[in-house]
Participant: 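Quick one: the structure is below, questions incoming.
Given the structure is predicted, the values throughout are model-derived calculations rather than measurements.
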Amino acid sequence: MKKYILILFVFLAYGCDRTNESMSTKDMEMSESKPVTNQGTWKDVAYFAESPENESKGFRTVQSYIGRSAKPKVTQNLKLIKTGDVAFESEDLNKTASQINAAIQKYGGYASSETENKSSYRINKSLSIRVPSDNFDALLADISKGVERFDSREIKVSDVTEEFVDISARLKTKKQIEARYIQLLSKAGKITDMLEVEAKLGEIRIDIERIEGRLRYINNQVGLSTLNINYYETL
């Protein structure tokens, strides 16, 4: 009887041990298949989530992780300069000119320059249009109506945001220096000191005006896009 009880005890102990081992393995698998949390850096998560063996277990990709926990910030107030150059043949120069002028007035632009020349085989007209940047695409679409094909068509967009931010920071620094020199000027007791401070103020003022001029130019180029048009009629 004692022998049977001993055998039963060993069997139950072995069964419990297997059960615990199975549960431990299952818990480990469940813990490995849990979604990525916000702990750790996003680079660690990217490396962990994008590995094939982990992705097959249900991990989110790094794009999903970033979108869920730390959405990337969209850069605001970009400074973009848009320019375009188009050339095409026209069957009627007067009709094309009227179409272009109507589009210019419609979208609040103006012609900054205009030229016309004639050869033995064709009449050529060129003009440069400045138009608010938001209306650039609409203006180009109106002018392109009726054009069967373009001899050339090129649109460029230049990002000057970094330059604008850098120049703005320099301007701020120059103005701070100017304010300090003005304070020194009010405290200067000797005429020689006053003259020296005024000379420095003059140099700083020249720098400030130059920087402000560059900022005005960038804002002008950003606010008004340029479209250069060349169209001609074959005689």
Participant: Look up atom CZ in Arg170 and atom CD1 in Ile211, then write down how far apart they are to the nearest 0.5 Å.
Facilitator: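 Result: 4.5 Å between the selected atoms.
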Participant: Could you state whether Ile182 and Leu184 fall into the same hydrophobic cluster, counting links through intermediate Ile, Leu, Val, Met, Phe, Trp or Tyr residues with side-chain heavy atoms under 4.5 angstrom apart?
Facilitator: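 Both belong to a single hydrophobic cluster.
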Participant: Are Glu178 and Lys200 ion-paired here, with the side-chain N under 4.0 Å from a carboxylate O?
Facilitator: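 No, no charged N to carboxylate O under 4.0 Å.
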Participant: Using side-chain heavy atoms (C-beta onward) and a distance below 4.5 Å, is Val222 in contact with Leu80?
Facilitator: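 Not touching, per the 4.5 Å side-chain cut-off.
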Participant: Begin from the C-alpha positions of Arg214 and Glu163 and carry the test salt bridge (charged side-chain N to carboxylate O under 4.0 Å, His left out) through to its verdict.
Facilitator: CA-CA 10 Å; Arg214 179 59 182 173; Glu163 180 185 2; 2.7 Å; yes
Participant: Give the minimum heavy-atom separation between Glu116 and Lys125, together with the two atoms involved.
Facilitator: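 In terms of heavy atoms, the two residues are closest at OE1-CE, 3.3 Å.
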Participant: In Å and rounded to the nearest 0.5 Å, what is the CD1 to CD distance from Ile208 to Glu203?
Facilitator: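 Here the rounded value is 12.0 Å.
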Participant: Give a yes-or-no answer on whether the side chains of Ser225 and Ser133 include a donor-acceptor pair shorter than 3.5 Å.
Facilitator: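 There is such a pair between these side chains.
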Participant: Would you find a donor on one side and an acceptor on the other, under 3.5 Å apart, between the side chain of Asn101 and the backbone of Ala97?
Facilitator: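 Yes: the side chain of Asn101 pairs with the backbone of Ala97.
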Participant: Would you say Lys118 and Asn124 make side-chain contact, with heavy atoms under 4.5 Å?
Facilitator: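 The answer is no, as the side chains (C-beta and beyond) never meet within the 4.5 Å cut-off.
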Participant: Quick test of your reading of the model: are Asp142 and Lys106 salt-bridged, counting only N-O distances below 4.0 Å?
Facilitator: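 Looking at Asp142 and Lys106, the cut-off is met.
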Participant: Could you check whether any side-chain N or O of Gln99 sits under 3.5 Å from a backbone N or O of Asn94, counting only pairs where one atom can act as donor and the other as acceptor?
Facilitator: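 No, Gln99 side chain to Asn94 backbone: no donor-acceptor pair under 3.5 Å.
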Participant: To check you understand the geometry: which heavy-atom pair defines the closest contact between Tyr181 and Val197, and what is its length?
Facilitator: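 Minimum heavy-atom separation between Tyr181 and Val197: O-CG1, 3.3 Å.
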Participant: Would the number of heavy atoms belonging to other residues, nucleotides or ligands and lying under 6.0 Å from CD of Gln176 be above 12?
Facilitator: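 Enclosed.
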Participant: Report the C-alpha distance between Asp193 and Lys187 in whole Å, list the side-chain angles of each, state the deciding distance to 0.1 Å, and finish with yes or no for salt bridge (charged side-chain N to carboxylate O under 4.0 Å, His left out).
Facilitator: CA-CA 10 Å; Asp193 293 340; Lys187 297 178 181 179; over 6 Å; no
Participant: Taking all non-hydrogen atoms of both residues into account, name the closest pair between Gln221 and Ile81 and its distance.
Facilitator: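 So the minimum-distance heavy-atom pair works out to CB-CD1, 3.6 Å.
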Participant: Check whether any side-chain heavy atom of Asn219 sits under 4.5 Å from a side-chain heavy atom of Phe164, and report yes or no.
Facilitator: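 Heavy-atom side-chain distance check passes, below 4.5 Å.
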Participant: Apply the hydrophobic cluster definition, ILVMFWY joined by side-chain contacts under 4.5 Å directly or through others, and give me every member besides Ile143.
Facilitator: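 Members besides Ile143, by chain and number: Val86, Phe88, Leu93, Ile100, Ile104, Tyr107, Ile123, Leu127, Ile129, Val131, Phe136, Leu139, Leu140, Val147, Phe150, Ile155, Leu227, Ile229, Tyr231, Leu235.
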Participant: Flag the pair Thr226 / Asn228 as yes when at least one side-chain heavy-atom distance between them is below 4.5 Å, and no otherwise.
Facilitator: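 Yes - at least one pair of side-chain heavy atoms lies under 4.5 Å apart.
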Participant: Measure the spacing between CD of Glu114 and OG of Ser128 and express it to the nearest 0.5 Å.
Facilitator: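 OG of Ser128 is found 10.5 Å from CD of Glu114.
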Participant: So, for Pro132 and Leu224, which heavy atoms are closest and what is the spacing to 0.1 Å?
Facilitator: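 Closest approach of Pro132 to Leu224, heavy atoms only: N-CD2, 3.5 Å.
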Participant: Go through the steps to decide whether Ser112 and Arg130 satisfy the test side chain to side chain donor-acceptor pair (under 3.5 Å), and finish with yes or no.
Facilitator: CA-CA 7 Å; Ser112 60; Arg130 302 298 308 281; 6.0 Å; no
Participant: Tell me whether the count of non-hydrogen atoms from other residues, nucleotides or ligands lying under 6.0 Å of CZ in Arg180 goes above 12.
Facilitator: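 No, CZ of Arg180 has 12 or fewer neighbouring heavy atoms, counting only those of other groups under 6.0 Å.
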Participant: If every non-hydrogen atom of Glu209 is compared with every non-hydrogen atom of Arg216, which pair is closest and at what distance?
Facilitator: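 Heavy atoms of Glu209 and Arg216 come nearest at O-NH2, 4.5 Å.
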Participant: Test salt bridge (charged side-chain N to carboxylate O under 4.0 Å, His left out) on Arg205 and Asp207; report intermediate values, then the result.
Facilitator: CA-CA 5 Å; Arg205 173 47 55 183; Asp207 291 340; over 6 Å; no
Participant: Compute whether any side-chain donor of one residue and acceptor of the other, for Thr234 and Glu89, lie under 3.5 angstrom apart.
Facilitator: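 Yes, side-chain donor-acceptor contact under 3.5 Å.
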Participant: How far does CD of Glu212 sit from OG of Ser168, to the nearest 0.5 angstrom?
Facilitator: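 Between atom CD of Glu212 and atom OG of Ser168 there are 10.5 Å.
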